[in-house]
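I have placed the structure first, in the form of structure tokens, so that the comments after it can refer back to it.
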Protein chains: 2
Amino acid sequence: MNQTTDSSTPKFAAIKEFIFSQIETGNWPEHSRIPSENELASQFSVSRMTARRALQELTKQGVLYRTQGVGSFVASAKSQSALLEIRNIADEIQSRGHFHSAELVQLSQIPCPNIVASALGLQPNDPVFFSLIVHYDNQLPLQLEARFVNPAQVPDYLQQDFTQLTPHEYLSAVAPLTEADHVVEAILPDAFTSKYLRISQHEPCLRLTRRTFSRGGAVSFAYLTSAGSRYRLGGHLNFAAPNKK
Amino acid sequence: MNQTTDSSTPKFAAIKEFIFSQIETGNWPEHSRIPSENELASQFSVSRMTARRALQELTKQGVLYRTQGVGSFVASAKSQSALLEIRNIADEIQSRGHFHSAELVQLSQIPCPNIVASALGLQPNDPVFFSLIVHYDNQLPLQLEARFVNPAQVPDYLQQDFTQLTPHEYLSAVAPLTEADHVVEAILPDAFTSKYLRISQHEPCLRLTRRTFSRGGAVSFAYLTSAGSRYRLGGHLNFAAPNKK
DNA sequence: AAGTGGTCTAGACCACTTG
DNA sequence: AAGTGGTCTAGACCACTTG
């Protein structure tokens, strides 16, 4: 009374494909109600748990939305929000087959600037740890990392050797990431940044502002600035083929 | 013999939290093997399906990885890739409570430029549809959208009124998105772009290059260019609290 | 052969929404 | 009261990996 033994596609996947095709061809328009778990189960001669799995996975993929006591509905295609991947700079350089190195420009305790204070939930001029690091791709400066770290969360930050370990790697180890914000902007570099990246002050830069949290609260606030001519963010998405392996 | 009737947290969620806390505290280090479905089921006095659900969801979240016949393992924290959201420009403007309008600068058939040809899988100088649109946030030009569309996929593209409907909305309707690429860069605008965005040629711009696919193949290739001072991409991530509602 | 994860069944009780 | 989705059980057979 179990398994179909047709080694091909699992039943839940066949049901997903059926639903997806109904939506794609327009038979089931946006926000229309689709068959219930029980209806699909009897139509496909499967148990309710199997029909449910198909609906559940499509919901996680953003294809459907469901309301208890009401039903399952086709999500609007517009809300398929695109996603861009942001990777660790050292990994990125290495995965291109290049050599990553880091130059430590500054590592000290400073009074917290206003912007950083509000981001980290500190008071202005409270002590914060600050690191300024240039990341090199082979011999070329690729990214300037200016990072402010909450001393309460990471008391030993100033004792690390950031030419051997990136702050990201160290922080991941001592204060595991639970949440993060990102903002990506195109800016002109200040004098400082253009000097360390060895670019003109007229060359546009991609600046990623990142704030990270761990269980205890805000951990760090960082500006990751790269020359526009040397760095870009890329991402690939696959909406179709639910869970292709 | 069913439900716990403790209306609080479901059993599968309790198991997820247990596993997550073991990883967070370092008790279960990266790449270490964690208890099997059967072991968890008996430890928590639940059915295997319930233990399985906890493992499954943590795997989808990137916290674990599993291999059939071998076991379940702690994923490396480093591979938690951060994600940035890219939204439809019209939705974005409207969700800020502003008024979105579009100015159609050009809509015609042109010979396909080389770069576009290779992106869309066409031959150089094959006919392609081209639209050039300025998106306004209230009265301010926010984004210049230069889009190349594959005529084979979207034969009626030139007949649309893109002051009423964005190309993104039209394409979503006629050639549902199945895949997409994105690249984000900081650039200086060319003369054309600075004119339509009403900015100096020295002002950095954020340029998103997007390629979309539908079932039939490559559909469109677009440059979405915005003044750096007016536009940024943001994203928020929540790694912890598996599936908080 | 024994253990692992992958799929599936035929039931159950529950919270919730609608008429 | 009837239907919906949410959680859960105690089984089953399967493909796969390891000793």
Side-chain angles (χ1 to χ4, degrees), chain A residues 1-19 28 31-75 241-245, chain B residues 1-19 28 31-75 241-245:
Chain A
M1 59 168 70
N2 293 334
Q3 268 291 68
T4 6
T5 311
D6 56 24
S7 67
S8 51
T9 58
K11 295 179 178 182
F12 77 90
I15 300 174
K16 283 178 77 173
E17 276 166 32
F18 167 74
I19 295 170
W28 294 352
H31 305 297
S32 63
R33 185 150 174 267
I34 74 167
S36 70
E37 295 181 352
N38 283 316
E39 287 166 344
L40 285 168
S42 78
Q43 279 171 36
F44 282 86
S45 303
V46 299
S47 75
R48 188 188 145 215
M49 282 296 275
T50 300
R52 176 178 175 70
R53 177 165 176 187
L55 291 169
Q56 203 87 88
E57 293 195 2
L58 287 169
T59 302
K60 285 225 166 181
Q61 290 172 240
V63 175
L64 302 177
Y65 61 93
R66 322 182 71 194
T67 311
Q68 191 176 104
V70 183
S72 302
F73 305 86
V74 178
N243 291 333
K244 202 181 274 178
K245 287 199 180 169
Chain B
M1 62 170 69
N2 292 334
Q3 268 293 70
T4 5
T5 312
D6 56 26
S7 67
S8 50
T9 59
K11 296 180 178 181
F12 77 90
I15 300 174
K16 283 178 77 173
E17 276 167 32
F18 167 74
I19 296 171
W28 294 352
H31 305 297
S32 63
R33 184 150 174 268
I34 75 166
S36 70
E37 295 180 353
N38 284 317
E39 287 166 343
L40 286 168
S42 78
Q43 279 171 35
F44 281 85
S45 303
V46 298
S47 75
R48 188 188 144 213
M49 283 296 275
T50 299
R52 177 177 176 72
R53 177 165 175 187
L55 292 169
Q56 204 86 88
E57 293 194 3
L58 287 168
T59 303
K60 285 224 167 181
Q61 290 174 239
V63 175
L64 303 177
Y65 60 93
R66 321 182 71 195
T67 311
Q68 190 177 105
V70 183
S72 301
F73 305 86
V74 178
N243 291 335
K244 202 181 274 179
K245 287 200 180 174

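Just so we're on the same page: letters track the sequence lines, and every chain starts at 1.
Once rounded to the nearest 0.5 Å, the distance linking CZ of A/Phe12 with CG of A/Leu40 reads 14.5 Å. Here the CG-CD distance, from B/Leu64 to B/Gln56, works out to 10.0 Å after rounding to the nearest 0.5 Å.
Partners of A/Glu39 by side-chain contact (heavy atoms from CB on, under 4.5 Å), not counting sequence neighbours, listed by chain and number: A/Pro35, A/Ser36, A/Gln43. Here A/Ser42 pairs with nothing under the side-chain contact (heavy atoms from CB on, under 4.5 Å) rule; sequence neighbours left out.
Within residues 34-46 of chain B, the residues approaching DNA chain C are B/Ser36, B/Glu37, B/Glu39, by heavy-atom distance under 4.0 Å.
A/Thr59 approaches A/Tyr65 most closely through the heavy-atom pair CG2-CA, 4.5 Å. The two residues B/Ser32 and B/Trp28 have their closest heavy-atom pair at OG-C, 3.6 Å. Shortest non-hydrogen contact noted between B/Ala51 and B/Val46 is N-CG2, 4.0 Å. The two residues B/Ile15 and B/Ala54 make their nearest non-hydrogen contact at CG2-CB, 3.6 Å.
The distance from atom CG of A/Leu64 to atom P of D/dG5 is 10 Å, rounded to the nearest whole Å.
Across C/dT9, C/dT4, D/dT9, the shortest atom-to-atom separation from the side chain of B/Thr50 is found for D/dT9. The side chain of B/Arg53 has D/dT7 as its nearest neighbour among C/dG6, D/dT7, C/dC8. The side chain of A/Lys11 lies closest to C/dC8 when the candidates are C/dC8, D/dC8, C/dG5.
Evaluation of the salt bridge (Lys or Arg N to Asp or Glu O under 4.0 Å) test over residues 62-72 of chain B, restricted to residues two or more places apart or in two chains, returns B/Glu37-B/Arg66.
OP1 or OP2 of D/dT4 has not a single side-chain nitrogen or oxygen of A/Arg52 nearer than 4.0 Å.
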Distances for protein N/O vs nucleotides 16-19 of chain C N/O pairs under 3.5 angstrom?
residue : atom : partner : partner atom : Å
C/dC16  : O4'  : A/Gln68 : OE1          : 2.8

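Consecutive Watson-Crick or G-U pairing (both distances under 3.5 Å) extending over three or more pairs maps onto DNA chain D as C:1-18 with D:1-18.
Along DNA chain D, the nucleotide nearest B/Arg48 and the nucleotide nearest A/Met49 are compared for position; the residue whose nucleotide lies closer to the 5' end is A/Met49.
Proximity of A/Ile19 to A/Val63: side-chain heavy atoms (C-beta onward) are nowhere separated by under 4.5 Å.
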